[in-house]
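Numbering of ligands and ligand atoms starts at 1, following listing order.
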Amino acid sequence: MADKLKETMPSNDVNGTPKPSSPNADTAEQITMLWEYSPAPESSEHISISDKYHHFIGGEWVHPEKGRYMTTINPATENKLAEFAEGTSEDVKRAVKVARKAYEKSWSNLSGKERGKYIFRLARMIQEKARELAIIESMDGGKPIRESRDVDVPLAAAHFFYYAGWADKLGYAFPGRKADPLGVCGQIIPWNFPLLMLAWKIAPALATGNTVVLKPAETTPLTALKFAEICMDAGLPDGVVNIVTGAGQTGAAIVNHPDVDKIAFTGSTEIGKIIQKSIAGTGKKFTLELGGKGPLIIFEDAPIDQAVEGIINAIFFNQGHVCCAGSRLLVQEGISEKLIKKLKDRMETLIIGDPLDKNTDIGAINSRSQYERIMKYLETGKNEGAEMYQTSGSLPENGYFCRPTLFTGVSQSNRIVQEEIFGPVLTIQTFRTPDEAIEKANNTPYGLASGIWTDKGSKIFKTGQKIRSGVMWANTYNKFDPTAPFGGYKESGLGREGGLHGLYPYVNLTPV
Ligand code: NAI
Ligand code: MG
């Protein structure tokens, strides 16, 4: 049987990437073979990516002042995809000036109904271009096409639809108060959900009458630049949305520009703290969405297979490049052995490889530097005395790939338990009583998201109320909706995005 399967199974996928197999044992090999799928790559032939992108300022492409460009690569192949402008403070000045003019001359004077029409149009155009956007997102950032196609792009469109609906209803959002826009918003986004983070930031800003200068991350600028094309095609008034590309210095120039009224940042806690310091005392409003170290609490009465699926989704989804990832498993002692065995079996079936293959579960790590950071944490974990387990499949030769990884034998003070790794790495601890679970869950500097698995609704509420995290999922994980606010406690950030709450950071409220 195994031989027959071997004959019919390709050992390499269409890109010449070796398919994962389990070299350990015959039986393991048979199991892997039975799980193996034929390659199903998404074609990228019809995708249009320019060789070189300039800034998008005032409704047109503008050459960077210093004439310098950076390169973005495909982290799954390490091939160059495009060049993009490296923004200086002069470029940022130009963008802010244009955004201010657009704010004063056009956007803030439009009725909510008219603004809503534009935002609806942006949402529909994202839907029309969904396939192209999903493929570019996967090529530029390394995430599996299944996720960019089924999660990132539909949710990005959903956020534009949702906030388009608020544009002419702000009076109902804030009864008895008048909501005025702030002016020009500076928005800085990370590389883990490039288009979705853009939507989270731009949609509520436009709905409330603000204009924006947005900087995408330097490893994933392409969908933001595609969004610039959508703004042009939608006939959005010039200067309402401006996209300035570059790295940290460009971001800092936006943060420090005196004519920016609000900063919205998603990224590392380290940079979040720098930003908070630099705008202290300036009167600028700000929201910060920072890191996390989400606990996953599995009680003995939990539906165990459902819990295993939840854990897989919580930490291996998007290679663990998720600020709200569940990266610390806390399992009640009586079921820990059984759960860990089932988890390892399920992990073995995960397909790692070409992000454009529709069967891929785990794509590429976003960049070489993030890959190296994760590898360092694996070393740290081993040096701290923890036991490391990784799945056995082979990895593609090129690109940055990391096997799903578990650490057992960890203690609460270990760095791998306390610090955000931002990769497919899960630490496992046990607990005996709910109080012990709560104490361990809360014992990190973060408080962004958490998950609980139990058969008892009352236990969800009782435990849930004592856990300091902005989001809590029960018997599921990583479910998002534009109507639900999102944000953290402690070092996970300040302010909320999404839902009605997501309008507050973009308005000044006065009694009517
Ligand atoms: P980062 O925080 O440096 O980058 C996020 C964004 O901020 C990028 O657009 C970057 O260009 C910009 N930026 C960098 N320095 C800036 C500055 N001084 N002023 C203004 N903007 C600045 O994150 P990085 O270095 O890419 O990743 C490092 C770690 O951060 C990851 O390993 C992960 O732990 C965490 N991270 C968390 C994210 C989240 O969603 N909470 C997203 C990305 C990273
Ligand atoms: Mg890239």
Side-chain angles (χ1 to χ4, degrees), residues 49 70-84 86-87 89 92 136-143 186-194 196-198 200-201 213-225 243-257 260 263-279 286 288-294 318-325 327 355 363-377 399-400 419-423 425 446 448-449 470 486-488 491-493 497:
I49 300 177
M70 302 171 80
T71 297
T72 184
I73 64 160
N74 178 339
T77 59
E78 297 171 70
N79 292 337
K80 177 176 164 180
L81 289 172
E83 286 182 24
F84 61 95
E86 182 177 351
S89 51
V92 169
I136 294 176
E137 201 75 308
S138 282
M139 290 171 76
D140 203 11
K143 62 172 64 194
Q187 308 186 318
I188 297 158
I189 57 173
W191 39 262
N192 53 345
F193 290 90
L196 183 57
M197 288 303 108
L198 173 150
W200 278 29
K201 303 245 177 316
V213 175
L214 176 134
K215 189 194 85 63
E218 54 271 36
T219 55
T220 54
L222 294 181
T223 44
L225 294 162
I243 312 276
V244 176
T245 50
Q249 283 187 342
T250 317
I254 295 176
V255 170
N256 295 320
H257 194 295
V260 168
I263 294 293
F265 171 78
T266 298
S268 61
T269 298
E270 187 195 345
I271 302 296
K273 284 180 181 172
I274 294 175
I275 291 177
Q276 201 174 354
K277 271 190 202 138
S278 47
I279 58 181
F286 62 94
L288 303 171
E289 299 286 352
L290 310 174
K293 195 70 185 172
N318 202 28
Q319 299 72 248
H321 294 342
V322 185
C323 48
C324 53
S327 50
I365 300 301
N366 182 266
S367 65
R368 175 176 287 280
S369 70
Q370 186 60 25
Y371 174 79
E372 285 167 0
R373 182 187 282 254
I374 296 169
M375 292 303 129
K376 253 195 208 151
Y377 271 112
Y400 319 124
E419 296 175 19
E420 183 179 48
I421 299 176
F422 229 61
V425 183
Y446 295 110
L448 192 56
F486 183 93
E491 292 198 10
S492 288
E497 291 185 315

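For Phe193, the heavy-atom gap to ligand 1 stays at 4.0 angstrom or more.
For ligand 1 and Phe265, the ligand atoms under 4.0 Å from any heavy atom of the residue are 2 (O), 6 (C), 7 (O). For ligand 1, the atoms lying closer than 4.0 Å to a non-hydrogen atom of Ala217 are 9 (O).
The shortest contact between atom 39 (C) of ligand 1 and any protein heavy atom is with Cys323 CB, 3.4 Å. Regarding atom 1 (P) of ligand 1, its nearest protein heavy-atom neighbour is Ser268 OG, 3.6 Å. For atom 21 (N) of ligand 1, the nearest non-hydrogen atom of the protein is Gly251 CA, 3.6 Å. What sits closest to atom 19 (N) of ligand 1 on the protein, heavy atoms only, is Ala252 N, 3.4 Å. Of all protein heavy atoms, the one closest to atom 43 (C) of ligand 1 is Pro190 CB, 3.6 Å. Shortest contact from atom 32 (O) of ligand 1 to any protein heavy atom: Gln370 OE1, 2.9 Å. Protein heavy atom nearest atom 13 (N) of ligand 1, with residue, atom name and distance: Gly248 CA, 3.7 Å. The protein atom (non-hydrogen) at minimum distance from atom 35 (C) of ligand 1 is Glu420 OE1, 3.5 Å.
Across every non-hydrogen atom of Ile254 and Val260, the tightest pair is O-CG2, 3.8 Å.
Using modelled atom types, one side-chain atom of Gln370 and one backbone atom of Phe422 make a donor-acceptor pair closer than 3.5 Å. Side-chain atoms of Gln319 come within 3.5 Å of backbone N or O of Gly363 as a donor-acceptor pair. A side-chain donor-acceptor contact under 3.5 Å links Ser492 to the backbone of Gly291. The closest donor-acceptor contact from the side chain of Ser138 to the backbone of Lys143 lies under 3.5 Å. At distances below 3.5 Å, not a single donor-acceptor pair connects side-chain atoms of Glu420 with backbone N or O atoms of Lys293.
Enclosure of atom CD in Glu78 by more than 12 non-hydrogen atoms of other residues, nucleotides or ligands within 6.0 angstrom is indicated.
At a heavy-atom cutoff of 4.0 Å, ligand 1 is contacted by the backbone of Ile189 but not by its side chain. Only the side chain of Arg373 comes within 4.0 Å of ligand 1, judged by heavy-atom distances. Proximity of Glu218 to ligand 1, defined as any heavy-atom pair under 4.0 Å, is confined to the side chain (atoms from C-beta onward). Contacts of Leu290 with ligand 1, taken as heavy-atom pairs under 4.0 Å, involve the backbone alone. The backbone of Ala247, and not its side chain, has at least one atom closer than 4.0 Å to an atom of ligand 1 (non-hydrogen atoms only; backbone = N, CA, C, O).
Checked against the 6.0 Å centroid threshold, Phe486 and Trp200 count as a close aromatic pair.
For atom 7 (O) of ligand 1, the nearest protein heavy atom is under 4.0 Å away.
Note on Ser367: not counted as a metal contact of the Mg ion (ligand 2), no N/O/S atom lying under 2.8 Å. Counting backbone and side-chain atoms alike, Ile73 contributes an N/O/S atom closer than 2.8 Å to the Mg ion (ligand 2).
For the pair Gly267 and ligand 1, the shortest N or O to N or O distance falls below 3.5 Å.
Here the straight-line distance linking atom CG of Asn366 with atom CG of Asp140 works out to 8.0 Å at 0.5 Å rounding. Atom CD1 of Ile243 and atom CZ of Phe84 lie 13.0 Å apart (nearest 0.5 Å).
In this structure, His321 and Trp191 have perpendicular ring planes: the angle between them is above 60°, well past the 30° mark.
For the pair O of Thr219 and O of Asp140, the angle at the Mg ion (ligand 2) is about 90°; rounding is to 10 degrees.
Residue nearest to atom 33 (C) of ligand 1, selected from Tyr377, Phe422, Trp191: Phe422 (by heavy-atom distance). Of the listed options Ile188, Thr250, Thr266, Ile271, Thr266 places a heavy atom closest to atom 5 (C) of ligand 1.
Ion pairing of Glu372 with Arg368 is present here, as a side-chain N (NZ or NE/NH1/NH2) and a carboxylate O approach within less than 4.0 Å.
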Please step through side-chain contact (heavy atoms from CB on, under 4.5 Å) for the pair Gln187 and Thr266, ending with a clear verdict. CA-CA 9 Å; Gln187 308 186 318; Thr266 298; over 6 Å; no
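Between the side chains of Tyr377 and Glu419, at least one donor-acceptor pair of N or O atoms lies under 3.5 Å.
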